[in-house]
Number of protein chains: 2
Amino acid sequence: MREKRKLSQKQLGIDAGIDPSAASPRMNQYETGKHRPDPNMTERLCQVLGVPVAYLYCEDDDLARVVASFANLNDKDKRKILSMIDQIESLEG
Amino acid sequence: MREKRKLSQKQLGIDAGIDPSAASPRMNQYETGKHRPDPNMTERLCQVLGVPVAYLYCEDDDLARVVASFANLNDKDKRKILSMIDQIESLEG
DNA sequence: GCCAATACTAAGGATTCCTTAGTATGCGGT
DNA sequence: ACCGCATACTAAGGAATCCTTAGTATTGGC
């Protein structure tokens, strides 16, 4: 259903709307942590990547997995996760 | 266990290390979306608030709940959520 | 009303980003 | 090996954004 092509830094930037002549350095500056994209660009990059914006800011890998997966679940499965969390918290909270 | 005091914008900034004389306008600029904190300040604000950085970037409320809750779970409960997600994805992925 | 605390805004110097120009590295083909 | 091309990466400065100072507006308690 969802094709998983491999993107260069530059192509990812272009797909997100950066001028092709500037896409390579900008994307590289983002990936190396030298600079960070403004909110609009962050949103567009995440759309291209198919992940929620929050995914980029997940410190630990488990949280990142949860965020990436949860965003792609259907409503029923989302409710399943949410109610499981409710249950856990009601026991220990 | 965890006390939930009510913080003014200014006090939150001070607790995160902003100079008291500048905390009020800066925090207000953040909350109104006029500017955004740099990465260090973002981290510190989130520490004071007790939420993961990713929480600030959650577009929808359900995702925000999942992020905030998951971060405070113990390892066993985290594994429970993760394996549930694994299971769901293996069925529909 | 008055006072204090909080919320908010303006403007400019300080900082960071985006663009241009260019170098470096990796890799397939001959 | 050499060439050619795509990709990765860097430097530097004009462009954009942020942080600070100074101040106004609003809210809540007395």
Side-chain angles (χ1 to χ4, degrees), chain A residues 1-65 67-69 71-72, chain B residues 1-65 67-69 71-72:
Chain A
M1 216 84 273
R2 173 187 322 230
E3 207 47 55
K4 212 169 247 184
R5 17 174 213 144
K6 155 111 167 121
L7 285 182
S8 66
Q9 292 179 348
K10 177 178 173 182
Q11 189 59 47
L12 170 55
I14 292 172
D15 290 356
I18 300 177
D19 185 299
S21 69
S24 174
R26 264 179 80 179
M27 289 309 302
N28 189 61
Q29 286 159 347
Y30 298 156
E31 300 219 359
T32 60
K34 204 161 209 165
H35 298 307
R36 68 205 175 114
D38 68 23
N40 286 347
M41 184 51 56
T42 303
E43 174 64 33
R44 290 206 214 99
L45 288 170
C46 284
Q47 279 174 3
V48 174
L49 293 171
V51 296
V53 173
Y55 177 80
L56 295 187
Y57 296 93
C58 289
E59 289 102 346
D60 83 275
D61 293 345
D62 285 339
L63 182 59
R65 273 208 61 231
V67 167
S69 297
N72 289 322
Chain B
M1 211 97 261
R2 174 186 324 232
E3 208 46 57
K4 213 168 244 182
R5 18 174 213 145
K6 158 112 167 116
L7 285 182
S8 66
Q9 293 179 350
K10 178 177 172 182
Q11 190 58 47
L12 170 55
I14 292 172
D15 290 355
I18 300 177
D19 185 298
S21 68
S24 175
R26 263 178 81 180
M27 289 309 302
N28 187 19
Q29 286 159 347
Y30 299 155
E31 299 218 0
T32 60
K34 204 163 208 167
H35 298 306
R36 70 207 173 111
D38 68 23
N40 286 347
M41 185 51 58
T42 304
E43 174 65 31
R44 290 205 214 98
L45 289 169
C46 285
Q47 279 174 4
V48 174
L49 294 172
V51 296
V53 173
Y55 178 80
L56 295 186
Y57 296 93
C58 288
E59 288 102 347
D60 83 274
D61 293 345
D62 285 340
L63 183 58
R65 272 209 62 230
V67 167
S69 298
N72 289 323

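Chain identifiers are assigned alphabetically (A, B, ...) following the order of the sequence lines, protein sequences preceding nucleic acid strands; residue numbering begins at 1 within each chain. Model, not experiment: these values are computed from the prediction.
Contacts between residues 19-29 of chain A and DNA chain C, counted as heavy-atom distances below 4.0 Å, involve A/Ser21, A/Ala22, A/Pro25, A/Arg26, A/Gln29.
Residues A/Gln11 and A/Ile14 are in side-chain contact: their nearest non-hydrogen atoms beyond the backbone lie under 4.5 Å apart. Taking 4.5 Å as the limit, some side-chain heavy atom of B/Leu7 sits within range of a side-chain heavy atom of B/Val48. Using a 4.5 Å heavy-atom threshold, the side chains of B/Leu45 and B/Met27 count as touching. Inter-residue side-chain proximity for A/Met41 and A/Tyr30 is flagged as met; some heavy-atom pair is nearer than 4.5 Å.
Put simply, A/Tyr30 has no side-chain N or O that comes within less than 4.0 Å of OP1 or OP2 on C/dC17. An OP1 or OP2 oxygen of C/dC8 is reached within less than 4.0 angstrom by no side-chain nitrogen or oxygen of B/Lys10.
Spacing between atom CD of B/Gln9 and atom C1' of D/dT26 amounts to 12 Å, rounded to whole angstrom units. Taking atom CD1 on B/Ile18 and atom P on D/dC19, their separation rounds to 8 Å, with Å as the unit. Summarising the geometry, the separation between CG on A/Asn40 and C1' on D/dT17 is reported as 13 Å, rounded to the nearest angstrom. Spacing between atom CG of A/Leu12 and atom P of D/dA6 amounts to 19 Å, rounded to whole angstrom units. Atom NE2 in B/His35 sits about 14 Å away from atom P in C/dG12, given to the nearest Å. The separation between A/Lys34 atom NZ and C/dT16 atom C1' is 13 Å, rounded to whole Å. One interatomic measurement links the two molecules: CG of B/Leu7 to P of C/dA5, which rounds to 17 Å at whole-angstrom precision. Rounded to whole Å, atom P of C/dC18 lies 11 Å from atom CZ of A/Arg44.
Across all their heavy atoms, A/Lys10 and A/Pro20 have their closest contact at CE-O, 3.9 Å. Of all non-hydrogen atoms in A/Ser24 and A/Gln9, the two that sit nearest each other are O-OE1, 4.3 Å.
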For residues 55-62 of chain A, tabulate all N or O donor-acceptor pairs below 3.5 Å that involve a side-chain atom, not counting sequence neighbours.
from    : atom 1 : to      : atom 2 : distance (Å)
A/Asp60 : OD2    : A/Asp62 : N      : 3.0
A/Asp60 : OD2    : A/Leu63 : N      : 3.3

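The terminal axes of the helix from C/dG1-D/dC30 to C/dT30-D/dA1, fitted over 5 pairs per end, subtend an angle of 50° to the nearest 10°.
How far CG of B/Leu12 is from CZ of B/Arg26: 11.5 Å, rounded to the nearest 0.5 Å. A distance of 11.5 Å separates CD in B/Glu43 from CG in B/Asp38, rounded to the nearest 0.5 Å.
Residue whose closest nucleotide on DNA chain C sits further toward the 5' end, between A/Asp38 and B/Ser8: B/Ser8.
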